[in-house]
Undergrad: 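One structure, as structure tokens, below. Some questions next.
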Amino acid sequence: MTATNMNQAQQATLLVELLTEELPPKALARLSDAFAHNLVERLAARDLIDGEPSFERFATPRRLAVAIKNVRALAPEKQVREKVLPVSVALDANGQPTAPLAKKLAALGFPDIPLGDLERASDGKAEAFFLRYSAPGATLADGLQAALDEVLALGKLPIPKMMTYQRPDGTSVQFVRPVQRLTALHGEAVVPVTAFGIDAGDTTLGHRFLSDGLVAILHADDYAHTLRTKGHVMASFAQRRESIVEQLNAHAHGDRVVMPEALLDEVTALVEWPVVYECRFDDQFLAVPQECLILTMQTNQKYFALTDEAGKLRSRFLIVSNIATDTPSEIVEGNERVVRPRLADAKFFFEQDKKKPLAERVPLLANVVYHNKLGTQLERVERLEALARLIAPHLDADPGLAARAARLAKADLLTDMVGEFPELQGTMGTYYARHDGEAEEVALACTEHYQPRFSGDALPATGVGTAVALADKLETLTGIWGIGLVPTGEKDPFALRRHALGVLRILIEKALPIDLVALLREAAACFRTTPQVADCTDALYAFFMDRLRGLLRERGYAASEIEAVLSLQPTRLDDIVARLDAVREFSALPEAGALAAANKRITNILKKSEAEVSVATAGAGASAVAASAALAVQPALLVEPAELALNEQLKRVAPTVQAQLERHDYTRALSALAALRDPVDTFFNDVMVNAEDAALRKNRLALLAELHAQMNCVADISKLAA
């Protein structure tokens, strides 16, 4: 089909494929997404896609491709309004066109256009002439070439490491891997574009071993089907991944497949035609902690371990091959032979590590620098011991066991197994502590003190583990923040945000009755002998509150609900969820809107009257049960019926509110406030708060202060006002 015929064609699917040498597997999915989205975005910007873009991504170890629906061969004409020249330049003193105007119009391609056909309007500063005309749309060939040039330019794709290579003509080019072929089809027609010195065609290569020669793509819509049937290539990353999962489960024969998402993605990026085979290893290796064996198989060989229903490792495992054969014995035997020395290494490390107790390794932590301003790992361990001992009683945990666990928690960093597999730190500590005869809680704490390691991870289950986990995270936060290494933007090399979220999750989800600020002060006290660490308790508390806002938003609470509770600056977080739920239920009451608005009004009045009545507002951390006013209400000075009624109703409501607060029934405490709506409304309608009589004014402010304290007993409900 000629280029002219192509331009006259209707919309069709556009296929673009880059055939390369083997792409880096861990970057493939991200690279494919970026390639497809960037190409679609640039074609849409040139109006070459009709309607909302619809496209499918393809990615295999040797190709990046995208099929885009409803792509135009020629973009529609567009109306252009272009400024020509200011009138003062375009016309002379007699109102006649000047030479600069003629030159400008010629440059724009309209040398003979009459002056009357130009639009005369203000450009925002002065009068100017504007030219309106219809510009032809971009051809697909031109638009795709420009889009490819932009997308494949250096730095436009998430390429982990660029590769420089030479084309057959001797020119040097750069890409993630050498590009071998370029396919660009619009329907059945080849789009005449180039990339990396290669002209586009309508052929590609299939599977490296299971296909023979070039594979012709007759139509862009047939790409995936043609590759599958003629090239033995499953082009869709998602479909290939789904096929791997189905085959793994089928070969498990009732066992469970250990298939972490990252491993699935990596293996999917390593094969074009996935086939699963079963292999085995010697049962003697099952004496090694199964975490070691699983990690060895996953990290070094990309194998999938199998466990029984109880989670115990089997001596058989599954591999994903890129070769389909009816006689896989050589593939199976080869993989079994390769994994054997890996498992033998793990067994050797485990046996060697057990010869030296963890307690004997602790003094050697003095040779490991934690941070040049914070000392060695041994100094850090000593801080953890002190902090865990202080925290344990709050959890009804044994302080002695907590201190012992903190002392041993980092010792496995010096073992051969953790040296080989850093991911096993903590896990190996538990195994070695059990071998050494340590208490079970101490052994478990070696693992648990790292929890939660990531979002959604399990929390430490034991009291000792929880104490050490809190100590570990608080020591890190206090020390690193105290030497000025505060997270900025996306940079958080010491994972302080993750540590803070871990502390918050432990305090909230375990409903621990512990004061967060007190914890921060105890952590700061551990650095008294380290003068370069500044006390950052206030800054860290603010940091925790920011993280808490995000955590609560993720759990579905509205911003106004969160601010209502956090504006009280709570230091105990065990009842945060109960307070939020109470605020949510209160918000649904018919009286909520009026009471929130009234509370906001009261807050503003009291702030303006601080000279006369000292008020600890909710935002300053007022106690929920203590009266906020420095002055008590004088009943004899209540003269207006409305203020008498409000005071009377407040006296009736307050005991109920306080009783519910003592039971931590925050929903009923807030619900009791509904009875105040009518007397509050009447008070503001009938009573002048800022009376000229100073005694009356102070008494009314005191009444409002008492009302304010009751209304904000659970949360600052003024934050709910629209």
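Owing to the predicted nature of the structure, the values given are computational and were not obtained by experimental measurement.
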Undergrad: I would like to know whether Thr447 and Thr427 meet side-chain hydrogen bond (donor to acceptor under 3.5 Å, both in side chains); could you show each step before the answer?
TA: CA-CA 5 Å; Thr447 297; Thr427 300; 4.5 Å; no
Undergrad: How close do Phe586 and Ala592 get, heavy atom to heavy atom, and via which atoms?
TA: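 Here Phe586 and Ala592 meet closest at O-CB, 3.0 Å.
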Undergrad: Backbone N or O of Ala443 within a donor-acceptor pair of the Thr430 side chain at under 3.5 Å?
TA: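 It does hold such a pair.
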Undergrad: Give a yes or no on whether the backbone of Glu692 and the side-chain of Asn690 come within a donor-acceptor separation of less than 3.5 Å.
TA: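 Such a contact is absent between Asn690 side chain and Glu692 backbone.
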Undergrad: Are the side chain of Asn699 and the backbone of Gln634 linked by a donor-acceptor contact shorter than 3.5 Å?
TA: yes
Undergrad: Between Asp546 and Arg549, is there a side-chain N and carboxylate O pair less than 4.0 Å apart?
TA: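 Answer for the salt bridge query: yes.
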Undergrad: Quick test of your reading of the model: are Glu261 and Arg241 salt-bridged, counting only N-O distances below 4.0 Å?
TA: yes
Undergrad: Tell me the closest heavy-atom pair linking Val565 and Val583, and the distance in Å.
TA: CG2-CG2, 4.0 Å
Undergrad: Looking at Asp472 and Lys410, is any side-chain nitrogen of the basic one under 4.0 Å from a carboxylate oxygen of the acidic one?
TA: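 Looking at Asp472 together with Lys410, the answer is yes, because their closest N to O distance falls below 4.0 Å.
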Undergrad: Start with the C-alpha distance between Arg380 and Glu385, add both sets of side-chain angles, then the distance that settles salt bridge (Lys or Arg N to Asp or Glu O under 4.0 Å), and finish with yes or no.
TA: CA-CA 9 Å; Arg380 184 187 184 205; Glu385 281 185 84; over 6 Å; no
Undergrad: Ignoring hydrogens and geometry, is there a side-chain-to-backbone donor-acceptor pair from Arg256 to Glu309 under 3.5 Å?
TA: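 Looks like yes, one N/O pair under 3.5 Å.
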Undergrad: Okay, side chain of His37, backbone of Ala34: is any donor-acceptor separation there less than 3.5 Å?
TA: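 No, the answer is negative, given that no donor and acceptor are paired below the 3.5 Å cut-off.
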Undergrad: Does a side-chain N-to-carboxylate-O contact under 4.0 Å join Arg579 and Asp575?
TA: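 Here Arg579 pairs with Asp575 in a salt bridge, since their nearest N and O are under 4.0 Å apart.
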Undergrad: First locate atom CG of Asn712, then atom OG1 of Thr603, and finally report the distance between them rounded to the nearest 0.5 Å.
TA: 6.0 Å
Undergrad: Could you tell me the separation between the CD1 atom of Ile294 and the CD atom of Glu423, rounded to the nearest 0.5 Å?
TA: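 Rounded to the nearest 0.5 Å, the CD1-CD separation comes out at 13.0 Å.
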Undergrad: I want to check a possible cation-pi pair here: Arg547 against Phe543, using under 6.0 Å from ring centre and within 45° of the ring axis as the test.
TA: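 Yes - Arg547 lies over the ring of Phe543, closer than 6.0 Å to its centre and within 45° of its axis.
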